[in-house]
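Report on the structure given below.
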Amino acid sequence: RLRKWQERIRTKDAGERNLQFALSEIDRMASALGVPRSVREVASVIYRRALNEDLIRGRSIEGVATSALYAACRQEGIPRSLDEVAEVSRVPQKEIGRTYRYISQELGLELKPVDPKQFVPRFASALELSEEVQAKATEIIDVSAEQGLLSGKSPTGFAAAAIYAASLLCNEKKTQREVADVAQVTEVTIRNRYQEQIEAMGFR
Amino acid sequence: MSGPADSIEIQNVVASTGIGQELDLEALADDLPGADFNPDNFPGLVYRTQDPKAAALIFRSGKIVCTGAKSIDDVHDALGIIFDKLRELQIPVDDDPEITVQNIVSSADLGHNLNLNALAIGLGLEDVEYEPEQFPGLVYRMDKPKVVILLFGSGKIVITGGKQTDDAATAVEEIVERIDALGLLG
DNA sequence: GCTTTAAAAAGTAAAGT
DNA sequence: ACTTTACTTTCTAAAGC
């Protein structure tokens, strides 16, 4: 009797400690990513739901915590790329993506594909670009997406190219390297997306 | 009348079989020229046939997996070559080992560009995986036939998971119908 | 879950010329 | 800037960790 009771307390304590660890990790990563408190709360809710639905079995606590935060950022409309999330996590990017797909499916999050426009304010301010450039980049994304150029393309690369193009059009030029660095894509990707977008805008 | 169904091409067939005889893979690796056997990495011995081009994984139990063939006939031909090679080495092989097709991978072309964002929402987010940051294709799991379809912006698609020859054709017919019903087929 | 094998799709990336 | 190579995703069996 006593042994069973102690075991229950032990598992309860272990579970409690694991939950506290996960929540503190979400907090630490959220701070490193500079996302608001509301996103951390959404991430915590997602993590607790995953815990209640027994989705953590066979997966690492850190992996589920990171994926919950990645999902929360998307749900709140201020997405971080998997690259950015992986930088502040000790879990490899591949596992974060796989775990995200799993919990997203099991919890029925039904998150829409990431909209490249959601990266514009953050990337543009990191590059100290004006509101005018941001508005232009947003327009470029809308017009080129409307013409079907977005299908299959990485949202960060698409946003980076639009910001690069907008910086040229507004006489606030940033180099491809500068934009590539903040968006964490290569110059080659910016060049490729940029060419298509300029053509879609009817410039050239 | 050339439609998407006519563009279907089988790209890979995976099948399993067994010779009904245990094997000494160490000895087989020495006797079979071109055989790759690294038991530390993987328990199967890898043997490749040139014509038809295929790769076989041969296990200690005598069970064999054949992959890479372009048709079901090629699977039978490739395995036939392997059975004969084993017989040449004085290894008893069942007369007519049963060969089971486990997976057929096909490609096809819908002939129109696809708006994958609209398709993800239209087909139902619960049945769709579309993460262009990780992979450019939209993943759609179909129940009947039970296959997985990868759809790309170009309109090219991949059908995998099918076991019947006509699964790909049925799946293409079905996906075209669903996309068309959404008004998303050019 | 992982390990290995094959194949297509298209995007992204890195290395070498 | 160009090409080449390689990695991402889906599927499936096999034996064993």
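Letters A, B, ... mirror the listed sequences (proteins, then strands); counts begin at 1.
Remark: Val105(B) in residues 72-105 of chain B come within less than 4.0 Å of DNA chain C through at least one heavy atom.
In the hydrophobic clustering (ILVMFWY side chains linked at under 4.5 Å, chained through shared members), Phe37(B) is joined by Ile10(B), Val13(B), Ile19(B), Leu23(B), Leu25(B), Leu28(B), Leu32(B), Leu45(B), Tyr47(B), Ile58(B), Ile64(B), Ile72(B), Val75(B), Leu79(B), Ile82(B), Phe83(B), Leu86(B), Leu89(B), Ile91(B), Val93(B), Ile99(B), Val101(B), Ile104(B).
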Pair up each side-chain donor or acceptor in residues 48-56 of chain A with any protein partner under 3.5 Å, not counting sequence neighbours, and list the distances.
residue: Arg49(A); atom: NH2; partner: Leu107(A); partner atom: O; Å: 3.0
residue: Asn52(A); atom: ND2; partner: Arg48(A); partner atom: O; Å: 3.4
residue: Asp54(A); atom: OD2; partner: Arg57(A); partner atom: NH2; Å: 3.1

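Checking side-chain atoms of Arg141(B) against main-chain N and O of Lys146(B) turns up no donor-acceptor pair under 3.5 Å. Counting only distance, with no hydrogens or angles, the side chain of Glu22(B) and the backbone of Ser61(B) share no donor-acceptor pair below 3.5 Å.
Nucleic acid contact class of Val185(A) (heavy atoms, under 4.0 Å, all strands): sugar-phosphate only. Within 4.0 Å (heavy atoms only), Ser107(B) reaches no atom of the nucleic acid at all. Arg141(B) comes within 4.0 angstrom of the backbone, heavy atoms only, and of no base. In this structure, Gly137(B) reaches neither bases nor backbone, as no heavy-atom distance under 4.0 Å exists between it and the strands shown. Across all strands shown, Arg191(A) has heavy atoms under 4.0 Å from sugar-phosphate atoms exclusively, and none from any base. Ser106(B) comes within 4.0 angstrom of nothing in the nucleic acid, heavy atoms only. Across all strands, Val148(B) comes closer than 4.0 Å only to sugar-phosphate atoms, never to a base (heavy-atom distances).
Look at the P atom in both dT10(D) and dG1(C): the space between them is 11 Å, to the nearest Å. The same atom, P, is picked in dT9(D) and in dC2(C); the two are 10 Å apart, to the nearest Å.
In this structure, the side chain to side chain donor-acceptor pair (under 3.5 Å) partners of Asp36(B), at least two apart in sequence or on a different chain, are Arg48(B). In terms of the side chain to side chain donor-acceptor pair (under 3.5 Å) criterion, Arg98(A) has no residue partners (sequence neighbours excluded). Taking Ser125(A) as the reference, nothing meets the side-chain contact (heavy atoms from CB on, under 4.5 Å) condition, with sequence neighbours excluded. Shown here are the ring-ring contact (aromatic ring centres under 6.0 Å, His included) partners of Tyr102(A), two or more places apart in sequence or in another chain: there are none. For Tyr70(A), the ring-ring contact (aromatic ring centres under 6.0 Å, His included) test picks out Tyr100(A), with sequence neighbours left out.
For DNA chain D, the span of nucleotides reached by chain B at under 4.0 Å from its heavy atoms goes, 5' to 3', from dT8(D) to dG16(D). A 4.0 Å heavy-atom criterion places the boundary nucleotides of DNA chain C facing chain A at dC2(C) to dA14(C), written 5' to 3'.
Counting only N and O atoms by type, the side chains of Ser31(A) and Arg40(A) include a donor and acceptor under 3.5 Å apart. Side-chain atoms of Arg193(A) and Tyr164(A) include no donor-acceptor pair closer than 3.5 Å. With 3.5 Å as the limit, one finds no donor-acceptor pair spanning the side chains of Glu98(B) and Thr17(B). In summary, the side chains of Gln105(A) and Glu126(B) do not present any donor paired with an acceptor at a separation below 3.5 Å, with no hydrogens or angles considered.
If you find the closest nucleotide of DNA chain D to Ser61(B) and to Val158(B), the one lying nearer the 5' end belongs to Val158(B). Each of Val65(B) and Thr160(B) lies near DNA chain D, and the nucleotide nearest Thr160(B) is the one positioned closer to the 5' end. Residue order along DNA chain C, read from the 5' end via each residue's closest nucleotide, puts Asn41(B) first among Asn41(B) and Ile157(B). In this structure, Pro155(A) and Phe135(B) both approach DNA chain C, and ranking their closest nucleotides by distance from the 5' end singles out Phe135(B).
Sorted by first and then second residue, the side-chain hydrogen bond (donor to acceptor under 3.5 Å, both in side chains) pairs with a member in residues 106-123 of chain B read Gln11(B)-Ser107(B); sequence neighbours excluded.
DNA chain C forms stems at C:1-6 with D:12-17, C:10-17 with D:1-8, each a run of 3 or more consecutive Watson-Crick or G-U wobble pairs whose two key distances fall under 3.5 Å.
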